[in-house]
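A short write-up of the structure that comes next.
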Amino acid sequence: MKAVTIDAYGETPRLSEQPLPKVGPDSVLVRVRAAGLNPVDWHVAGGALDPMVYAYFPLTMGWDVAGVVERVGVGVSEFAVGDEVIAYNRQDFAHIGTWAEYTAVPVRSLAPKSQAMSWPEAGGLPLAGLTAYQALGAVHVEGGGTVLIHAAGGGVGGFATQIAASRGARVIGTTSRTESFPFLRELGAEPVLSGDGLAERVREMAPEGVDAALDFLGGDAVAVSAEVVKNPARIASVVDGSVKALGGRYVWVHPSGRDLRELNALAEAGSLRVHVNREFPLAEAQQAVELSRTGKVRGKIVLTVP
Ligand SMILES: NC(=O)c1ccc[n+]([C@@H]2O[C@H](COP(=O)([O-])OP(=O)(O)OC[C@H]3O[C@@H](n4cnc5c(N)ncnc54)[C@H](OP(=O)(O)O)[C@@H]3O)[C@@H](O)[C@H]2O)c1
């Protein structure tokens, strides 16, 4: 099969010929139709996760997948050949990826693909959607209140904004540029510029204080959140471990077929849309990575497999 691989950390990802992945007794082989790109993909390829995650080369990149079940492991009864599925296919090591014609996925990570989504939309949902969903859960954004979301227009922030708004929260969302204000409003946020003076601007917008904050950016986002959130236990970051010293939560997204079903339900209720910023064929994975590295992408980048 064709796959986007690297043979060592720091290499440019390239299309190569690879054997089909092994399919465990509780896994399925998925023919990939679309695979989202997330910043972690190029962090892995650059070796940033090496202190925590074993990597085996050649390493196939990508953790998001939408596709069709081609074969099931001997112990699988939950899914059948021909089922349309999605998954956040992170294993406890880096080797089997999703930027390929086929990937093997443990059943625990799988959910049906919702008919409410196109293939590229479904491929862009899992990792970022789960991160948003699990981070909102970590700081108990379950009803109303005011939520500050840093980088509200990004892959993760866009989902978090929509989910929080659908739960009745007032969302104040940060962006680095006024050109993104209409997009943030479309997602359900009141936009505010990040950078110097952010805490002051947020206080003007919400003089009564902010109930929870979600950092999908890094930098001084946790420190700014601490200035405006009433209870620091309701600050979560997915990028900055210093949040724990304040009593907040660091969130590392975990694969969950169950949580993906919840995201499907939101999409089917019309409360969640996947904004596909741009699609690339597998062969242009490196161009897709370069676009992601700009840090300026609104919504999701998705690789597609014909
Ligand atoms: N711990 C975990 O499990 C986990 C899971 C997923 C992601 N992450 C991390 O979370 C971060 C976000 O991921 P992502 O997929 O959402 O990334 P992304 O899609 O690449 O985020 C890009 C967005 O960031 C916004 N942005 C850039 N600079 C900004 C600034 N100074 N102020 C406000 N917004 C800014 C941009 O909006 P504008 O251009 O409008 O400013 C853009 O829309 C990454 O570092 C990623 O590695 C961690």
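Just so it is clear, the values below take in all heavy atoms, side chains as well, and ignore hydrogens, waters and symmetry mates. Both counts, for ligands and for their atoms, begin at 1 and track the order of listing.
Considering both main-chain and side-chain atoms, Gly155 comes within under 3.5 Å of ligand 1 through a nitrogen or oxygen pair. Considering backbone and side-chain atoms together, Gly157 places no N or O closer than 3.5 Å to any N or O of ligand 1. For ligand 1, the polar-atom distance check finds no N/O of Asn38 at less than 3.5 Å from any of the ligand's N/O atoms.
Using modelled atom types and a 3.5 Å distance limit, the side chains of Ser176 and Lys296 yield a donor-acceptor pair.
Of all atoms in ligand 1, numbered sequentially from 1 with element shown, those under 4.0 Å from a heavy atom of Phe216 are 11 (C), 12 (C). Of all atoms in ligand 1, numbered sequentially from 1 with element shown, those under 4.0 Å from a heavy atom of Tyr250 are 1 (N). Atoms of ligand 1 found under 4.0 Å from any heavy atom of Thr131 (numbered from 1 in listed order, with element): 5 (C), 6 (C). Each of the atoms 38 (P), 40 (O) of ligand 1 lies under 4.0 Å from some heavy atom of Ser180. In summary, the atoms of ligand 1 found under 4.0 Å from a heavy atom of Trp252, numbered by their order in the structure, are 1 (N), 2 (C), 3 (O). Applying the 4.0 Å criterion to heavy atoms of Gly153 picks out, from ligand 1, the atoms 43 (O). Counting atoms of ligand 1 from 1 in the listed order, those under 4.0 Å from a heavy atom of Arg177 are 38 (P), 39 (O), 40 (O).
Taking atom 8 (N) of ligand 1 as the reference point, the nearest protein heavy-atom neighbour is Val238 CG2, 3.7 Å. Ranking the protein heavy atoms by distance from atom 37 (O) of ligand 1 puts Thr175 OG1, 4.4 Å first. In terms of protein heavy-atom proximity, atom 9 (C) of ligand 1 is closest to Val239 CG1, 3.6 Å. From the protein, the heavy atom lying nearest to atom 2 (C) of ligand 1 is Val251 O, 3.6 Å. The closest protein non-hydrogen atom to atom 17 (O) of ligand 1 is Pro39 CG, 3.5 Å. Distance from atom 23 (C) of ligand 1 to its nearest protein heavy atom, with residue and atom name: Gly154 CA, 3.5 Å. Ranking the protein heavy atoms by distance from atom 34 (N) of ligand 1 puts Ala151 CA, 3.5 Å first.
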Expected list for residues 138-151: side-chain donor-acceptor pairs under 3.5 angstrom, two or more places apart:
| residue | atom | partner | partner atom | Å |
| --- | --- | --- | --- | --- |
| His150 | NE2 | Ala221 | O | 3.4 |
| His150 | NE2 | Ser225 | OG | 2.9 |

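Residue contacts with ligand 1 for Val253 involve both N, CA, C or O and side-chain atoms from C-beta outward (heavy atoms, distance under 4.0 Å). Only the side chain of Leu217 comes within 4.0 Å of ligand 1, judged by heavy-atom distances. For Val297, every heavy-atom contact with ligand 1 shorter than 4.0 Å involves the backbone, none the side chain. Residue contacts with ligand 1 for Ser176 involve both N, CA, C or O and side-chain atoms from C-beta outward (heavy atoms, distance under 4.0 Å). Proximity of Ser194 to ligand 1, defined as any heavy-atom pair under 4.0 Å, is confined to the side chain (atoms from C-beta onward). At a heavy-atom distance under 4.0 Å, atoms from both the backbone and the side chain of Val156 approach ligand 1.
Side-chain contact between Asn264 and Leu125 is present, with at least one heavy-atom pair separated by less than 4.5 Å.
Annotation: salt bridge (Lys or Arg N to Asp or Glu O under 4.0 Å) contacts of Lys230 (sequence neighbours excluded): Asp211.
The CD atom of Glu279 lies 13.0 Å from the CG atom of Leu37; values are rounded to the nearest 0.5 Å.
In the hydrophobic clustering of ILVMFWY residues, with side-chain heavy atoms under 4.5 Å counting as a link, Leu272 and Tyr133 come out together. Taking hydrophobic clusters as Ile, Leu, Val, Met, Phe, Trp and Tyr residues chained together by side-chain heavy-atom distances below 4.5 Å, Trp63 shares a cluster with Phe57.
Within the 4.0 Å heavy-atom shell around ligand 1 one finds Gly295. Using a non-hydrogen distance threshold of 4.0 Å, Phe183 does not register as a contact of ligand 1. Within the 4.0 Å heavy-atom cutoff, Ile301 does not count among the residues contacting ligand 1.
Heavy atoms of other residues, nucleotides or ligands lying less than 6.0 angstrom from CG of Asp196 number 12 at most.
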